[in-house]
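Please read the structure below before turning to the comments.
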Amino acid sequence: MTSPRTQSDTRKPRKAAVDDDTLFELRWRRAEADLMEPLTRLYGEVTDIAALRDRLRALLWDKWEDRPTDLRALDLSRDLTPGWFLSQDMVGYVFYIDRFAGTLKDVPAKIPYLRDLGVTYAHFMPCLEPRPGDSDGGYAVRDYRAINPALGTMAQFETATRALREASISPCIDMVLNHTAKEHEWARKAREGDPFYRGFYRIFETDTLPRQYEETLVEVFPNQAPGNFTYYPDMDRWVWTTFNEFQWDLNWENPEVFLAILDVILDLANKGAQVMRLDAVAFMWKRIGTVCQNLPEVHDILQAIVQATRVAAPAMIHKAEAIVGPTDLVPYLGAGRHAGRESNLAYHNNLMVQFWSSLAARDTRLMQHVLATHFPAGVKNATWATYIRCHDDIGWAITEDDTDAVGGMTGPGHRRFLADFYNGSFPGSFARGADFQVNEETGDRRTNGTFASLAGLETALESGAPHQIDLAVNRILMGHALIASFGGMPLIYMGDELGLLNDHGYEDDPFLVGDGRWMQRPPMDWALAQAAETAHEPAGRILAGTRHIMARRKATPQLAGSVPTHVLHLSNRALFAVRRPADDRTLTAIFNFSETPQPLPFEELGLHPHGAYEDCLSQEIVPVAEPGAALPAYGRLWLRPTTP
């Protein structure tokens with residue numbers, strides 16, 4: 001095809017039809033109603049909404065004027081392809097900069113490794129400047145506009161994000177919305193008595209209101225940080241501290257907090273962040289007599305942040321970090337009046353929990369019930385971030401209502417079984433993990449451990465039994481195949497593609513020893529990664545298998561985030577399956593959660609007995625109705641008709 005403009009073409013070059021000022025105005029008009037409606041609900045009774053609108057528009061204009069040229073080009077590209085993050089090409093990778101690369105200036109050198117894995121989204125774990133000492137893993141931020149000096153500088157951050165952008169990898173960073181470190185400039189000024197900044201936090205003259213709030217609040221860290229309020233003698237005041245004493249909760253009832261946080265978000269967008277992981281969002285709004293989580297105002301705040309970003313930095317999307325129960329989780333992707341207007345991504349915590357539950361029980365009934373009952377087949381302009389493990393502990397979010405619906409188990413009993421199974425104390429357990437945040441009153445415990453150690457690789461390697469190693473490897477690959485095909489964007493946590501085991505080195509660090517979650521945050525083993533390129537067992541198998549799964553995902557359009565996910569109800573408790581009905585063909589993904597082969601129930605799967613089906617993973621034809629057709633131990637199939 002020849003260019004429309006040839007050397008002999010004498011027409012004058014066409015001037016740009018839309019200048020930058022007009023682009024801003026068009027984007028403002030697009031977002032204004034969806035932006036101002038939630039802000040009016042939030043702040044209409046405490047401030048002049050017209051004045052707030054004018055200040056907000058001026059803020060967005062200033063940030064747009066500061067936006068670098070190449071990021072403006074990315075803005076325009078994503079205006080034209082707003083569903084870019086829903087593509088089956090999306091594969092996420094999550095890492096601590098120091099544990100993965102060393103410093104920010106070392107990150108670009110790791111891009112070839114990420115590209116070989118198929119990564120198109122790279123999440124830098126907390127990299128903004130934290131308080132000194134214990135910083136809750138970096139989530140106690142002292143300065144939102146500075147990089148942790150141990151990792152580099154803001155200039156090096158810009159260089160790293162530019163290199164990732166040029167490699168078509170979208171950088172994601174954490175933005176903590178619920179709290180700041182008590183050393184943050186805002187908190188320091190509040191502590192000194194500045195009334196403007198005291199309004200940024202939840203500060204009380206007496207403990208009367210804190211005591212009333214405590215009647216219905218839950219403790220996030222009951223062992224290391226009991227309670228939700230801290231008394232400071234130098235102020236003679238009580239401060240709301242949901243997580244730790246050194247993390248002060250922001251007062252989102254104050255519109256100045258909204259403007260200040262949005263200012264920071266847009267500055268970071270202009271430095272190259274393309275995805276903002278909004279941390280601890282469930283806790284942002286407080287109302288006495290409630291648990292102060294997941295309140296309706298939280299969704300108004302998130303919608304306003306998302307819509308404001310669409311004006312000044314539309315290449316950026318937002319991911320809500322809300323590790324909550326199924327009923328409360330779905331709204332973070334937008335429901336009711338927020339549909340299509342709130343977060344673009346949310347963690348599918350329940351998929352992760354149900355994976356581990358089914359793996360321990362060899363029984364997927366609870367998984368089928370929870371995922372089919374509490375979650376829609378699809379959502380508007382949003383999708384899930386699916387994962388098996390992350391930097392955090394596993395909270396066994398299993399309710400009595402769900403266990404009652406399934407039968408044969410109780411909520412407390414099943415939670416106790418899972419905690420025992422994954423700390424390795426349950427008879428016959430293959431797992432090697434540890435309890436975390438034991439609640440002596442309720443008996444509930446959370447669980448720590450890497451993917452590989454919880455999946456049995458650590459105990460298998462110690463035993464040296466080839467069969468047990470093979471089972472552990474296949475548990476890991478089944479998990480990767482599940483998150484790659486369930487619906488959404490799969491996130492691989494650093495080292496899981498190699499089968500890294502629990503790391504107990506944190507016990508020798510005085511700043512880390514009190515937090516058992518560092519067990520699942522081992523440094524990247526680059527020597528193992530290099531050896532895995534040619535080795536067969538077991539890291540080589542896991543790496544090659546993970547790369548293959550992600551490559552096959554990219555070649556399978558039925559796995560795009562825009563395609564709905566329907567959970568199938570199967571009579572065989574060991575099997576779990578979903579159906580992904582795309583425009584041309586329907587893909588059926590089936591997983592065996594047991595160590596014994598299971599027959600393929602083709603009728604329940606909706607597969608035609610005489611149809612021809614290709615496994616998109618192996619690219620082989622599968623005779624689904626042939627006598628003896630079975631799924632091997634921890635097997636996985638992505639079946640699709642060979643013809644549309």
Side-chain angles (χ1 to χ4, degrees), residues 126 128-144 174-195 197-254 256-257 260-261 278-295 297-298 301 321-324 392-393 395 436-437 439 441 446 511-512 514-515 517:
L128 302 180
E129 184 177 341
R131 70 183 299 270
D134 184 2
S135 64
D136 188 25
Y139 290 103
V141 177
R142 179 168 67 179
D143 188 347
Y144 288 117
D174 292 88
M175 180 69 197
V176 185
L177 294 191
N178 179 69
H179 49 264
T180 72
K182 67 179 181 181
E183 291 83 2
H184 191 284
E185 181 185 16
W186 301 341
R188 180 177 55 78
K189 289 181 177 180
R191 199 162 188 169
E192 293 170 354
D194 186 321
Y197 287 103
R198 283 214 167 172
F200 272 46
Y201 296 94
R202 300 275 184 168
I203 299 176
F204 304 86
E205 293 185 5
T206 72
D207 66 349
T208 301
L209 281 175
R211 286 178 180 274
Q212 292 178 25
Y213 276 109
E214 285 281 20
E215 291 177 5
T216 52
L217 294 177
V218 296
E219 295 174 324
V220 176
F221 297 135
N223 297 149
Q224 68 194 50
N228 289 275
F229 299 87
T230 301
Y231 176 70
Y232 292 91
D234 60 310
M235 290 195 297
D236 189 25
R237 295 289 190 277
W238 293 83
V239 178
W240 199 312
T241 53
T242 295
F243 289 84
N244 289 286
E245 173 273 329
F246 51 77
Q247 290 164 298
W248 286 17
D249 284 36
L250 288 164
N251 176 19
W252 281 91
E253 291 184 35
N254 182 350
E256 298 297 335
V257 170
I261 291 293
L278 304 177
D279 184 73
V281 294
F283 300 87
M284 289 193 295
W285 202 266
K286 324 292 189 185
R287 182 173 297 116
I288 203 160
T290 73
V291 295
C292 295
Q293 294 185 46
N294 310 304
L295 294 174
E297 291 84 354
V298 168
I301 295 170
E321 189 267 343
I323 308 304
V324 296
D392 225 336
D393 57 280
F436 182 67
Q437 295 299 324
N439 189 319
E441 292 185 8
R446 284 131 70 177
F511 293 125
L512 306 181
D515 188 346
R517 292 174 297 178

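Note that the coordinates shown come from a computational prediction; the quantities given were computed from them, not determined experimentally.
- The side-chain hydrogen bond (donor to acceptor under 3.5 Å, both in side chains) contacts involving residues 225-234 comprise Arg191-Asp234, Glu214-Asn228, Thr230-Thr241, Tyr231-Asp236, Tyr232-Glu245, Tyr232-Trp248, where partners must be two or more places apart or lie in separate chains.
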In sequence, state the C-alpha distance, the side-chain angles, and the governing distance for Tyr139 and Phe243, and then conclude on ring-ring contact (aromatic ring centres under 6.0 Å, His included).
CA-CA 10 Å; Tyr139 290 103; Phe243 289 84; 9.1 Å; no
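- Listed for the Arg198 side chain is a donor-acceptor partner under 3.5 Å among the backbone atoms of Ala190.
- Separation of atoms OG1 (Thr180) and CH2 (Trp186) is listed at 7.5 Å; rounding is to 0.5 Å.
- Using a 4.5 Å heavy-atom threshold, the side chains of Asn178 and Val281 count as separate.
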Which is it for Trp238 and Asp207 under the side chain to side chain contact (heavy atoms under 4.5 Å, CB included) test, yes or no, and what are the steps along the way?
CA-CA 7 Å; Trp238 293 83; Asp207 66 349; 3.4 Å; yes
Run the numbers on Arg202 and Lys286 for side chain to side chain contact (heavy atoms under 4.5 Å, CB included), then give the verdict.
CA-CA 10 Å; Arg202 300 275 184 168; Lys286 324 292 189 185; 3.4 Å; yes
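- More than 12 heavy atoms of other residues, nucleotides or ligands shown are found within 6.0 angstrom of CZ on Arg287.
- Using modelled atom types, no side-chain atom of Asn244 and backbone atom of Phe246 make a donor-acceptor pair closer than 3.5 Å.
- A salt bridge between Arg446 and Asp393 is present, with a side-chain N of the basic residue lying under 4.0 Å from a carboxylate O of the acidic one.
- Distance check: Leu209 CG to Ile288 CD1 gives 5.5 Å after rounding to the nearest 0.5 Å.
- Taking 4.5 Å as the limit, some side-chain heavy atom of Asp174 sits within range of a side-chain heavy atom of Pro126.
- Pairing each heavy atom of Pro130 with each of Gly138, the nearest pair is CB-CA, 4.3 Å.
- When all heavy atoms are compared, the tightest approach of Val324 to Ala282 is CG1-CB, 4.0 Å.
- Residues Phe436 and Arg517 are in side-chain contact: their nearest non-hydrogen atoms beyond the backbone lie under 4.5 Å apart.
- Using a 4.0 Å cut-off between charged nitrogen and carboxylate oxygen, Arg131 and Asp136 do not count as a salt-bridge pair.
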Run the side chain to side chain contact (heavy atoms under 4.5 Å, CB included) test on Gln293 and Leu295 for me, step by step, so that the C-alpha distance in whole Å, both residues' side-chain angles and the decisive distance to 0.1 Å come before the verdict.
CA-CA 6 Å; Gln293 294 185 46; Leu295 294 174; over 6 Å; no
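- At a threshold of 4.0 Å, the pair Arg188-Glu192 counts as salt-bridged, since one of the basic side-chain nitrogens sits closer than that to a carboxylate oxygen.
- Put simply, CG on Asp249 and CD1 on Ile203 are 11.0 Å apart, with the number rounded to the nearest 0.5 Å.
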Please determine whether side chain to side chain donor-acceptor pair (under 3.5 Å) holds for the pair Gln437 and Glu219, giving the CA-CA distance in whole Å, both sets of side-chain angles, and the decisive distance to 0.1 Å.
CA-CA 10 Å; Gln437 295 299 324; Glu219 295 174 324; over 6 Å; no
Could you walk me through whether Glu256 and Phe200 pass the side chain to side chain contact (heavy atoms under 4.5 Å, CB included) check?
CA-CA 7 Å; Glu256 298 297 335; Phe200 272 46; 3.7 Å; yes
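- Shown here are the ring pair (Phe, Tyr, Trp, His ring centres under 6.0 Å) partners of Tyr213, two or more places apart in sequence or in another chain: Trp240.
- Panel note: side chain Trp252, backbone Val298; no donor-acceptor pair is recorded below 3.5 Å.
- The shortest non-hydrogen separation linking Thr290 to Leu217 is O-CD2, 4.0 Å.
- To the nearest 0.5 Å, atom CD of residue Glu253 and atom CE of residue Met284 are 12.5 Å apart.
- The residues Glu185 and Arg142 are annotated as not salt-bridged, no charged nitrogen and carboxylate oxygen being separated by less than 4.0 angstrom.
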